[in-house]
2 protein chains.
Amino acid sequence: MATTRDLLVDTMKQLLWERGYDATSPNHVLERSGVGKGSFYHHFKSKKDLAVAAMEARADDLIAEFDSLISQSSGDWFDKVCAYLQLPRHALKGCRMGRIVQDPSVGDDQLLAPLDRYFSTMHQRFSGIYQEAQRQDKLAKTIPAEALATLTLSVIQGGFVVGKATSQDQIVDETSGSFMTLLESLKRH
Amino acid sequence: MATTRDLLVDTMKQLLWERGYDATSPNHVLERSGVGKGSFYHHFKSKKDLAVAAMEARADDLIAEFDSLISQSSGDWFDKVCAYLQLPRHALKGCRMGRIVQDPSVGDDQLLAPLDRYFSTMHQRFSGIYQEAQRQDKLAKTIPAEALATLTLSVIQGGFVVGKATSQDQIVDETSGSFMTLLESLKRH
DNA sequence: GTCTATAAGGCGATAGAC
DNA sequence: GTCTATCGCCTTATAGAC
C-alpha cells in the first residue's frame with residue numbers, strides 16, 4: 001500500500017528531476033500528488049525535510065540500479081563499465097541526481113549529503129572495478145584507478161550539461177561512446 | 001565611463017555565476033549595484049531581458065579569453081588544448097556559463113541562445129584544432145575530431161558537477177589532468 | 001533617467017477545526 | 001491524518017511624480 005508519506009516522496013523525486021529543488025514548491029508537490037497541505041506538514045517538517053528524504057531514496061535507487069546491472073554482466077572490467085556507459089540517457093531531462101547540484105540552496109549540508117553519498121558511492125564502485133583490473137594487469141596503470149573513476153562520472157555529468165545547453169538530447173551517449181574508445185586503448189590482454 | 005546599463009549587466013553577470021538565473025531577483029541586482037528600481041526597468045524591460053544581455057556578454061568574454069590563450073601558445077595542438085585544460089577552475093564556484101543550464105527557466109529559447117552560442121563556438125574551436133591535427137597526422141583518427149571536441153567540453157563541465165556534489169574544489173583540475181593523459185596517448189609524432 | 005509607492009501573486013509555513 | 005484559512009515575506013513588475 002502506498003502511504004501518503006511515500007506518495008509525497010515519490011512526487012518530490014519526480015519534481016526534483018524535472019525542476020530541481022529551488023524551483024519546486026510545496027504547492028507543486030501537493031497539486032501533483034493530490035495530497036493536502038495539512039498532510040504535507042504532518043509528515044514532513046519542511047520542504048527541505050521532504051527533499052532530503054526524496055534525494056536519499058533516489059540515491060538508493062540509482063546505486064541499486066548500478067549494482068544490479070554490474071552483477072548481471074559476466075564480462076571483464078571493460079564490459080561492465082560499457083554496460084553502464086551504454087545505458088540510455090536523455091540530456092534534456094538531466095541526470096536524476098546531478099541535475100540538482102547547481103541549485104543555490106543545495107549549498108546546504110543536509111541537501112548536499114545525499115548527493116555526496118551518491119557520487120562517493122559510485123566513485124567507490126568504479127574505483128573498485130578499475131583497481132582490480134589494474135591488479136590483474138588487464139588495465140594500463142597510466143591513470144590511477146581513482147582518477148579514472150572520477151573521470152568516468154564526470155564524462156556522463158558533463159554530457160548532460162553540454163547536451164542541455166545545445167539542445168542535443170543524445171549527446172550523453174556520444175560522449176560516453178568516445179570515452180569508451182579511449183578506455184579501450186587502456187585495455188591489456 | 002561605466003553607464004548605469006553596464007553596471008546592471010556586470011552585476012547580473014556576477015549574480016548569475018553565484019546564484020544562477022531563477023534564484024537571482026531584480027532586488028538582488030539593485031541591492032548590489034546600488035541602482036534604483038526605476039532605472040532597472042527603464043534600461044531593461046524584464047529580468048529575462050537583463051539576463052540575456054549578461055549571458056551574451058559573458059559568452060563574449062569567455063570566447064575572447066579562449067582565443068587570446070590559444071593565440072599566445074606557440075606549441076602544437078596538444079599544447080594548446082593543455083593550456084586551456086590547465087586554466088585554474090574552482091568546482092565550488094561552477095562554470096561561469098555552464099552553471100546556469102539546469103535552471104528550470106532556462107528551457108526558454110532566449111535564455112538558451114547565449115548558452116548554445118557559447119558551447120557551439122567552443123565546440124567549433126576545438127573541432128578546428130583537432131581536425132587540423134588529424135589532417136597533419138599528429139592526432140590519431142580513432143575518435144572523430146567533433147566527438148573529441150564534445151568530450152573535451154564535457155570533461156570540464158562534468159568535473160564542475162562532481163566536484164560541487166562532493167565538495168572537492170580542485171576536482172576539475174584532476175579530471176582535466178586525467179583527460180590530458182588520455183589525449184596524449186592519441187598523439188602522433 | 002531616476003525616484004517612491006503600490007500591486008497581484010507565489011512562497012514556505014502555521015493554526016486550529018474536524 | 002487531513003482539511004481550510006491565514007500569515008508575513010518576497011517576487012516581478014507597473015504607475016506616476018520629479
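What's counted below: heavy atoms across the whole structure, side chains too, no hydrogens, waters or symmetry copies. Throughout, a chain's letter reflects where its sequence line sits, starting with A, and its residues are numbered from 1.
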* To do: Would you please indicate if the ring centroids of B:F66 and B:F126 are separated by under 6.0 Å?
  => yes
* Asked: So, B:S120 side chain and B:R117 main chain: donor-acceptor pair closer than 3.5 Å or not?
  -> no
* Asked: Does any N or O in the side chain of A:S68 come within less than 3.5 Å of the main-chain N or O of A:A64, such that one atom is a donor and the other an acceptor?
  -> no
* Structure fact -> Minimal heavy-atom distance between A:G159 and A:I171, with the atoms involved, is O-CG2, 3.1 Å
* Asked: Near DNA chain C, under 4.0 Å by heavy atom, which residues of residues 3-19 of chain A?
  -> none
* Asked: Between atom NE2 in B:H42 and atom P in D:dT14, what is the gap in whole Å?
  -> 15 Å
* Asked: CG of B:D49 versus P of D:dT12: gap in Å, rounded?
  -> 14 Å
* With respect to B:D137, which candidate in B:Q134, B:R135, B:K141 satisfies the side-chain hydrogen bond (donor to acceptor under 3.5 Å, both in side chains) definition? -> B:K141
Are [X] and [Y] close enough that a side-chain donor and a side-chain acceptor fall under 3.5 Å?
{"X": "A:D116", "Y": "B:T166", "answer": "no"}
{"X": "A:T150", "Y": "A:H123", "answer": "yes"}
{"X": "A:E174", "Y": "A:Q168", "answer": "no"}

N/O contacts under 3.5 Å, protein versus nucleotides 9-15 of chain C?
from: C:dC11; atom 1: OP1; to: A:S25; atom 2: OG; distance (Å): 3.4
from: C:dG12; atom 1: OP1; to: A:K47; atom 2: NZ; distance (Å): 2.8
from: C:dG12; atom 1: OP2; to: A:P26; atom 2: N; distance (Å): 3.1
from: C:dA13; atom 1: OP2; to: A:Y41; atom 2: OH; distance (Å): 3.4
from: C:dA13; atom 1: OP2; to: A:K47; atom 2: N; distance (Å): 2.9
from: C:dA13; atom 1: N6; to: A:K37; atom 2: NZ; distance (Å): 3.1

